[in-house]
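The structure appears below as structure tokens.
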Amino acid sequence: MTALVVLLLFAAAVAWWGARRAGDPAGYFAAGHSGGAWLVGVAGTAAALSAFTFVGGPGLFSVVGVGSLWILLSAPLTGALQCWAVGEPVVGLVRRHGVVTVPGLLRAQLGSPAAQGAAAVVIALGCVASLAVQARAAAVLGRVFLGVDEAAAAGAVMAATTLYVALGGMRAGLLADAVQGAVMAVAAVVLAVAALALVGGPEGATVVLERARPELLGGFGRTRPADAFALFLLFCVGTCAQPHYVQKFLFLRARHHLRILPAVLTLALAVTLTVWIGVGLAGTALAAEGRLTLGAPDDLAPRTMALVGPWAVVLAGVASLAALMSTAASFLNLAAAALTRDAFEALGRAPRGLGAARLVTVVVAAAATAVGAGSDTAVAILGIIGWRFFTAALLPALTLGLAWPRATARGAVAAIVAGAAIDLALEAITPQLPAGLDPGLAGAAAGFLVMVALARR
Amino acid sequence: MTPPDRVPVTVGACVALYAAAIAFPAAMPVAVAACATALGALVLLRRRTAALALAVGALGLFTVVLLGGAWLLAARPRGGFIYVVGVLFFLFLPVAPWLYARTFSKSDDAAGPPAESA
């Protein structure tokens with residue numbers, strides 16, 4: 001309970017700081033285009049990595065083994081890929097048009113309110129769903145790390161995040177994300193090392209699993225190789241379509257900061273992801289030895305930490321809360337921008353003011369908390385579904401749409417609709433799909449073909 | 001003279017490769033690397049330089065080789081795991097950021113500070 005009180009005090013301080021500096025749309029939605037590479041890189045990584053990294057990822061390792069790591073194996077590529085495919089065009093559009101929202105990028109580039117509106121709808125829907133994932137994670141974390149009621153934990157964490165995002169927008173969000181990112185990185189390394197020490201290091205854990213559960217090792221664990229490669233591709237190209245990833249490019253204050261941004265992103269990502277590999281490997285080995293009992297995959301991380309010691313439980317709880325708060329902050333702000341700014345502009349009306357954005361932030365947070373806290377689906381599965389949806393709907397529009405001179409607004413809108421529809425249709429029948437056919441990738445592929453078919457002659 | 005527009009052919013080839021790899025999973029390393037590289041190659045629509053084309057191409061080739069290695073070690077519990085974590089993740093980390101920094105162009109900076117927000 002003390003941790004939740006500290007959390008609320010931290011949120012109040014950041015909210016007070018941000019509210020004094022987020023007086024216009026650029027400050028509220030784009031942090032005043034004021035960030036350098038290190039600030040944006042660390043904050044962007046914190047926003048990108050959710051509780052999925054601390055809870056869902058290690059839990060998934062216990063089920064499919066090395067197959068789960070294919071989600072993060074694209075990390076070496078994604079920083080450069082994002083900057084080449086979307087970062088450079090976004091920074092250029094900010095400079096030329098003063099864009100402050102992700103859907104606004106499509107309007108500025110393609111001159112189309114329809115494309116802006118379609119992207120706004122997708123982002124609003126996807127953000128509410130993704131926020132529900134964070135609320136679900138907060139509920140699990142509160143129960144297992146802090147020993148508090150699930151609903152109370154989800155409510156407190158979402159309320160704290162909502163406080164500073166509603167008042168200070170991304171001015172407060174960028175600062176909070178950077179602090180949270182630093183906490184996550186340090187905690188991730190400490191927790192991974194401590195967990196692995198329980199089983200004799202990576203070597204000891206590998207020996208245990210090779211003897212007791214060899215099917216979890218190898219190149220792909222229990223995942224079919226084609227599915228593992230599809231995960232790699234989904235999480236590689238998908239980074240260019242996640243609105244909370246693209247949003248960070250709006251925060252940069254000058255183009256030259258892009259030069260080292262991939263290095264900062266990759267470093268921060270790699271350091272933080274050690275918790276997934278380390279705790280996943282150690283916890284699974286402990287379970288194989290019978291020293292740990294798992295009721296559900298999401299129990300792996302907290303129960304491993306409990307074996308390490310009380311300090312590890314607290315540190316893991318703090319790091320996990322930091323991870324989910326930073327991600328939730330971005331989704332809240334993106335949803336508010338889509339609903340109070342982009343949706344109105346797409347309809348030819350003036351965007352609502354920051355008061356409306358603050359109100360919508362609160363409403364969206366409440367709705368997502370209600371949905372997420374009541375869900376029984378594992379955090380990892382919910383996280384992957386959200387990632388796929390954004391990839392399918394937004395990848396063609398945000399890459400070809402911003403970079404290809406022949407791209408049209410009609411093509412972008414059709415690609416968004418087709419991608420989202422195909423992803424949702426295939427998501428319902430995922431178990432029946434052949435190996436390697438990912439709903440998100442299939443939706444994106446259809447979207448790319450549609451954009452090319454409707455291109456300028 | 002306007003350079004030929006390779007986007008439609010590239011999109012078609014990537015979708016076809018991905019579809020083929022679903023039918024013949026051994027082609028997955030090539031399909032995955034090709035699709036990822038094609039996305040990065042969008043930068044060539046704005047900055048077509050030999051150095052940049054070489055960097056993107058080299059990254060694609062490197063990715064194919066590394067992904068192919070995982071395929072070859074799939075059935076070896078210990079070797080496959082060490083390769084995936086040690087080589088495909090940790091050793092691969094600095095390559096793309098280094099290539100990006102080496103080929104980065106500051107040319108658009110001449111446009112000055114951000115415009116007044118809408």
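Here is the naming used below: chain letters follow the sequence lines, and residue numbers restart at 1 for every chain. On a predicted model such as this, the values are computed, not experimentally measured, just so you know.
Across all their heavy atoms, B:Ala96 and A:Leu77 have their closest contact at CB-CA, 4.2 Å. Scanning both residues, B:Phe89 and A:Ala270, for their nearest heavy atoms gives CZ-CA, 4.1 Å. The minimum heavy-atom distance between B:Tyr18 and A:Leu437, with the atom names listed, is OH-CA, 3.6 Å. Contact between B:Cys35 and A:Leu233 at its shortest, heavy atoms only, is CB-CD1, 3.8 Å. Scanning both residues, B:Pro77 and A:Leu217, for their nearest heavy atoms gives O-CB, 3.2 Å. In this structure, A:Gly436 and B:Met28 approach most closely via the heavy-atom pair CA-CE, 3.8 Å.
A salt bridge between A:Glu210 and B:Arg76 is absent, with no side-chain N of the basic residue lying under 4.0 Å from a carboxylate O of the acidic one.
For A:Leu73, the parts lying near chain B are the backbone and the side chain together; criterion is any non-hydrogen pair under 4.5 Å. Of the atoms belonging to B:Thr103, it is side-chain heavy atoms, and not backbone ones, that fall under 4.5 Å from chain A. For a residue to count as touching a neighbouring chain, one of its non-hydrogen atoms must lie under 4.5 Å from one of that chain's; by this rule A:Cys83 touches chain B with backbone and side chain alike. With a 4.5 angstrom heavy-atom cutoff, B:Trp71 touches chain A via backbone and side-chain atoms both. Only the side chain of B:Val85 has a heavy atom closer than 4.5 Å to any heavy atom of chain A. With a threshold of 4.5 angstrom between heavy atoms, A:Leu269 does not approach chain B through any atom at all. Both the backbone and the side chain of B:Val32 come within contact range of chain A, with heavy atoms under 4.5 Å apart. For chain A, no part of B:Leu44 is nearby; none of its heavy atoms comes within less than 4.5 Å. Of the atoms belonging to A:Thr274, it is side-chain heavy atoms, and not backbone ones, that fall under 4.5 Å from chain B. Looking at A:Ala85, the atoms closer than 4.5 Å to chain B (heavy atoms on both sides) sit in the backbone and in the side chain alike. Proximity to chain B is absent for every atom of A:Val264, based on heavy atoms less than 4.5 angstrom apart. Of the two parts of A:Asp438, the backbone and the side chain both hold a non-hydrogen atom closer than 4.5 Å to a non-hydrogen atom of chain B. In this structure, chain A has no heavy atom under 4.5 Å from any part of B:Ala21. Residue B:Ile82 does not touch chain A at all, counting heavy-atom pairs closer than 4.5 Å.
The shortest distance between side-chain heavy atoms of B:Asp5 and A:Arg406 falls below 4.5 Å. Using a 4.5 Å heavy-atom threshold, the side chains of B:Val11 and A:Trp404 count as separate. Between A:Leu216 and B:Phe81, the closest side-chain pair of non-hydrogen atoms is not below 4.5 Å.
Of the inter-residue distances, the one linking B:Phe90 atom CZ with A:Leu273 atom CG reads 8.5 Å to the nearest 0.5 angstrom. From A:Trp84, atom CH2 reaches atom CZ of B:Arg46 across 11.0 Å, with rounding to the nearest 0.5 Å. Atoms OH and CD, from B:Tyr100 and A:Glu88 in turn, are 3.5 Å apart once rounded to the nearest 0.5 Å. Atoms CG and CG, from A:Leu395 and B:Leu39 in turn, are 5.5 Å apart once rounded to the nearest 0.5 Å. Rounding to the nearest 0.5 angstrom, the gap separating the CZ atom in A:Phe229 from the CD1 atom in B:Ile22 is 13.5 Å.
When each of A:Pro225, A:Gly218, A:Gly219 is scored by its heavy-atom pairs under 4.5 Å with chain B, the top score falls to A:Gly218. Chain A forms the most heavy-atom pairs under 4.5 Å with one residue out of B:Pro29, B:Gly12, B:Gly69, B:Ala75, and that residue is B:Pro29. Chain B forms the most heavy-atom pairs under 4.5 Å with one residue out of A:Val66, A:Leu258, A:Leu209, and that residue is A:Leu258. The residue among A:Glu215, A:Met451, A:Arg259, A:Gln82 with the most heavy atom pairs within less than 4.5 Å of chain B is A:Arg259.
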Could you go through the side-chain contact (heavy atoms from CB on, under 4.5 Å) check for B:Phe92 and A:Thr266 one step at a time? CA-CA 11 Å; B:Phe92 195 22; A:Thr266 306; over 6 Å; no

